Amino acid sequence: MDLKKLKITAQKDIKSAQNLAELNNVFKKYLGKKGELTRILRSLKDLPIKKRKTQGKLANQIKKDLELIIQERKDKLQDAKYKIQNTDFDITAPGKSPVLGHLHPLTLVRRKVAEIFQSMGFTIVQGPEVETEWYNFDALNIPKEHPARDLWDTFWLKPKNKKLLLRTHTSPVQIRYMEKNQPPLRIIVPGRIFRHEATDASHEINFYQVEGLMIDKKGKITVANFKAIIDEFFKGFFEKQTKIRLRPSYFPFVEPGFEIDISCVNCLGKGCSVCAQTGWVEILGAGMVHPNVLKAVGLNPKFWQGFAFGVGMDRLAMLKYKINDIRLFYSNDLRFLQQF
Ligand code: DAH
């Protein structure tokens with residue numbers, strides 16, 4: 001090959017190398033062990049002496065020139081790389097962290113409740129929000145004349161003759177679960193429920209409850225077990241030394257039934273506006289599962305017994321986070337939500 005031509009193409013190749021790897025390939029192509037110029041230099045010995053001298057001189061000069069411009073190009077490319085790293089793009093700068101959303105306070109509460117009960121061996125169960133009259137009322141021993149069955153308390157769905165409704169509590173899931181699962185069992189049911197009522201700071205048309213149910217052989221699960229479990233729950237949930245007390249109450253699906261108060265988590269029992277100066281807050285309905293409920297799912301009350309309870313998750317959240325209006329949970333106001 002003509003040495004001068006070789007020099008020109010080599011120079012072009014060196015110029016167009018865009019990075020160090022490409023440049024290295026150009027070096028190999030001409031100056032490497034099997035490079036074009038190297039081959040020429042090696043074959044000089046076969047030339048007649050006179051030609052060998054002129055060609056040899058030229059070839060060696062070209063070799064030096066190419067080595068020089070390769071070095072220059074190399075410096076330039078390295079410089080550019082350095083520049084990118086140090087001026088245009090600072091690889092040491094911290095990245096932009098993506099804006100994360102917030103978990104809704106009711107989600108935080110649901111997760112915490114689930115975590116505490118799971119640690120005590122309870123299974124989390126769900127049920128449908130659209131219920132039949134049987135599951136929501138009859139199977140739970142709620143009499144025909146009970147006010148909750150009234151059009152003014154419950155959202156009944158059309159067609160009316162089918163008797164479908166938006167469930168007014170999570171208790172129907174007790175029935176659904178016991179129909180399909182044999183005791184011993186312990187479940188909690190977090191879920192959304194619906195009431196047909198005027199809204200104010202403590203009433204909403206939909207809110208959240210957690211139902212609890214524990215059934216075992218007669219004599220094994222007593223009110224004492226219930227007290228221990230619910231005590232454990234409140235201590236874990238409020239992370240404070242809470243006290244509880246049971247008051248007799250009436251719910252059709254339990255016998256005996258009671259309402260549970262906890263010592264006010266706001267004033268620790270001293271008396272404040274949250275507890276109406278009494279030191280106690282009403283929080284939960286519970287009782288020993290009524291024999292009629294057990295019968296409705298085909299369990300013999302002579303052999304089985306247990307407790308059930310229901311607690312409002314909104315109420316738990318309001319107490320825990322000191323929220324004074326239930327409607328805030330459903331208003332999508334970012335000023336409220338971003339505090340969690
Ligand atoms: N279902 C009741 C309500 O919505 C709450 C309740 C009370 C649930 C007593 C229970 C219970 O399981 O034993 O008001």
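Remember, it's 1-based here, ligands and their atoms both numbered in the order they're listed. The shown structure was predicted, so the numbers you read here are calculated from the model rather than taken from an experiment. Residues take their numbers from the sequence shown, with the count starting at 1.
Of the heavy atoms in His290, none comes closer than 4.0 Å to ligand 1. Residue Ala308 touches ligand 1 through backbone and side chain together, judged by heavy-atom distances below 4.0 Å.
Looking at His104, its side chain does come within 3.5 Å of a backbone N or O of Phe329 through a donor-acceptor pair. Put simply, the side chain of Thr242 never gets that close to the backbone of Phe238: no donor and acceptor are under 3.5 Å apart. Side chain of Arg186 to main chain of Met120: a donor-acceptor pair is present (N/O by atom type, distance under 3.5 Å, no hydrogens or angles). In terms of modelled atom types and a separation under 3.5 Å, the side chain of Gln305 and the main chain of Ile221 share a donor-acceptor contact.
Which parts of ligand 1 touch Gly287 is read off a 4.0 Å heavy-atom cut-off, strictly below it: atoms 13 (O). The Glu211 neighbourhood of ligand 1 comprises atoms 8 (C), 10 (C), 12 (O), with distances under 4.0 Å to a heavy atom of that residue. Ligand 1 places these atoms under 4.0 Å from at least one heavy atom of Val254: 13 (O). Those atoms of ligand 1 that come under 4.0 Å of a heavy atom in Gln174, given as number and element, are 12 (O). Each of the atoms 7 (C), 9 (C), 11 (C) of ligand 1 lies under 4.0 Å from some heavy atom of Gly285. Every atom of ligand 1 is numbered from 1 in the order shown, and the set under 4.0 Å from a heavy atom of Gly310 is 6 (C), 8 (C), 10 (C), 12 (O). Taking a cut-off of under 4.0 Å to the non-hydrogen atoms of Ser171, the atoms of ligand 1 that pass are 1 (N), 8 (C).
Note that OG of Ser171 is 4.0 Å distant from CZ of Phe253, once rounded to the nearest 0.5 Å. Asn19 contributes atom CG, which lies 9.5 Å from atom CZ of Arg73 (distance to the nearest 0.5 angstrom). Atom NZ in Lys218 sits 8.5 Å away from atom CG in Leu294 (nearest 0.5 Å).
In terms of protein heavy atoms, atom 14 (O) of ligand 1 is closest to Arg195 NH2, 3.9 Å. The protein non-hydrogen atom at the shortest distance from atom 3 (C) of ligand 1 is Gln209 NE2, 3.7 Å.
Under 3.5 Å, the side chains of Asn136 and Thr168 contain a donor-acceptor pair of N or O atoms.
Distances from atom 2 (C) of ligand 1 to the heavy atoms of Phe307, Phe309, Phe253 show the closest one on Phe253.
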